[in-house]
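Data first, discussion second: the structure below is written as structure tokens.
In this chain, numbering begins with 1 at the start of the sequence shown. Nothing here was measured: the structure is a model prediction, and the numbers come from that model.
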Amino acid sequence: MKSFRPGDTNAVVAAGMGTAVAVVLSMLGLYMPIFSTVIFLLIPLPIAYIGLTHGTRWSVIVTAGTLILDSVFFGVFSGAFVCAIFACLGTVLGWCYRRRVRPAVTLFAGAAAVLCAFALQILFGVFVLGVDTSLLDGSFFESIRQSTEELLPQFYSGETLAAAQESMNVTYELLRKSVLFIAVTVCVIYSWAAMVLSGYIFGRLGLKDIPSLPPLSRWQLPMWSVYAYLVFIGIGLVYTEDNWITTVNYNLQLVCNFMFWLQGIAFAWWLPVRYPVFRTLRWFLVAGSLFLPFMQQVVVVMGLFDMLFHYREKRNYQ
């Protein structure tokens, strides 16, 4: 990795520039909602860069400065959102990069930072700002369900309407039970996207040894997820009442399913190495698994097959 001496760059100036860049990105993200997803993912980068080159305390200073300025310009809650979700991620990534933490650990450390920051933001909003707690007690989803139910008669009637209402109720019930899984998955995706972007941009800046995840075709999810999934299924058979145990257990099953799906995606991405015909087909397979339940199950089965029989490993990924 490129070495940095204390005299190379003034840390105060670098921290000021990093704060300015983060605030400008916050402003663009808030005022350009169409591009906000991409813009917000850039916010961790200057903070991670400061942490990598000058130390964690400087990235913490940049994070605090971003929070203060965002709160002044956009309001406390908006500033807290931008800072908590993205600036804290940058601080953790910078710390991990500086200490050359393993990429997989860095990924989950970043995801944990995002999740904790989001939880603290909710607590701050509820107990300090008095924000509505409907997201926490499920009434938010119930209000959406009722609004959608009122619209259905405009498009359906008779038996078709009854079927649509039943399907909608099932969908919203699953959505309500899956809030924990969705939150964790989004945090992992945020962390992964920030790692990919930082690896590319830092590489362009001359930092060539940033720890990064292996190519997708070599991803290998842990075998214990299969055993854990079986345990969770057993727990689901024992606890059938609708309480917090069944909700947590259901979300843990979703996490395992998501891991199998990722393993299947990795397997699909490797297939062209041995079977070139899949070079184009893998794109349709991955895209279909995002929208079609049948295709999703196909990818999950592929992942389980690869996990159980170590298909790629036995062929040395060739």
With rounding to the nearest 0.5 angstrom, report the [atom1] to [atom2] distance, [X] to [Y].
X	Y	atom1	atom2	result
Leu25	Thr66	CG	OG1	9.5 Å
Leu216	Trp269	CG	CH2	6.5 Å
Leu115	Leu180	CG	CG	8.0 Å
Lys314	Asp306	NZ	CG	10.5 Å
Met302	Gln263	CE	CD	10.5 Å
Leu213	Met195	CG	CE	4.0 Å

For this session: Decide side-chain contact (heavy atoms from CB on, under 4.5 Å) for Leu205 and Tyr49; before the verdict, give the C-alpha distance in whole Å, the side-chain angles of both, and the deciding distance to 0.1 Å.
Result: CA-CA 10 Å; Leu205 294 175; Tyr49 185 83; 4.0 Å; yes
Under 3.5 Å, side-chain donor or acceptor atoms of residues 88-95 against the rest of the protein: list the pairs with distances, not counting sequence neighbours.
residue, atom, partner, partner atom, Å
Thr91, OG1, Thr63, OG1, 2.8
Thr91, OG1, Ala87, O, 3.3

Distance-minimising heavy-atom pair for [X] and [Y]:
X	Y	value
Phe181	Asn251	N-OD1, 2.7 Å
Ala266	Arg312	CB-NH1, 3.7 Å
Trp58	Ala15	CE3-CB, 3.8 Å
Phe260	Val300	CB-CG1, 3.9 Å
Met259	Ser225	CE-CB, 3.7 Å
Ile43	Ser26	CD1-OG, 3.7 Å

Problem set entry | Side-chain heavy-atom pair Pro103, Ser212 within 4.5 angstrom cut-off |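 Heavy-atom side-chain distance check fails, nothing below 4.5 Å.
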Exercise. Does Ile265 reach the side chain of Leu285, with side-chain heavy atoms less than 4.5 Å apart?
Worked result: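 Not touching, per the 4.5 Å side-chain cut-off.
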For this session: Return the set of residues passing side chain to side chain contact (heavy atoms under 4.5 Å, CB included) with Leu41 (not counting sequence neighbours), or none when no residue passes.
Result: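 Residues passing side chain to side chain contact (heavy atoms under 4.5 Å, CB included) with Leu41: Phe86, Tyr190, Ala193, Leu197.
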Exercise. For residues Ser198 and Tyr97, is any side-chain donor paired with an opposing acceptor at under 3.5 Å?
Worked result: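 Yes - a donor-acceptor pair under 3.5 Å links their side chains.
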Problem set entry | Heavy-atom neighbours of Arg315 CZ exceed 12 at 6.0 Å |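 Yes, CZ of Arg315 has more than 12 neighbouring heavy atoms, counting only those of other groups under 6.0 Å.
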Exercise. For Met17, does the CE atom sit with more than 12 other heavy atoms under 6.0 Å from it, leaving out its own atoms?
Worked result: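 No, because the 6.0 Å sphere around CE of Met17 holds 12 heavy atoms or fewer from other groups.
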Problem set entry | Sub-6.0 Å ring centroid separation between Phe258 and Trp261 |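 Ring-ring flag for Phe258/Trp261: true, centres closer than 6.0 Å.
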Exercise. Just by modelled atom types, is the Phe232 backbone N or O under 3.5 Å from a matching donor or acceptor in the Asn249 side chain?
Worked result: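 Pair found, side chain donor or acceptor close to backbone of Phe232.
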Exercise. For Leu107, does its backbone N or O pair with a side-chain atom of Ser191 as donor and acceptor, under 3.5 Å?
Worked result: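 Looks like yes, one N/O pair under 3.5 Å.
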Assigning hydrophobic clusters by single linkage (Ile, Leu, Val, Met, Phe, Trp, Tyr; side-chain heavy-atom cutoff under 4.5 Å), is [X] placed with [Y]?
X	Y	answer
Val286	Phe291	yes
Leu254	Ile182	yes
Trp192	Tyr200	yes
Phe108	Val105	no
Leu290	Val298	yes

For this session: Determine, for Trp270 and Arg218, whether the Lys NZ or Arg CZ falls below 6.0 Å from the six-membered ring centre while staying within 45 degrees of the axis.
Result: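 No; the conditions do not both hold, so Arg218 does not lie above the ring face of Trp270.
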Exercise. Would you call the rings of Phe305 and Tyr311 parallel, tilted or perpendicular if under 30° counts as parallel and over 60° as perpendicular?
Worked result: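 Answer is tilted, since the angle falls between 30° and 60°.
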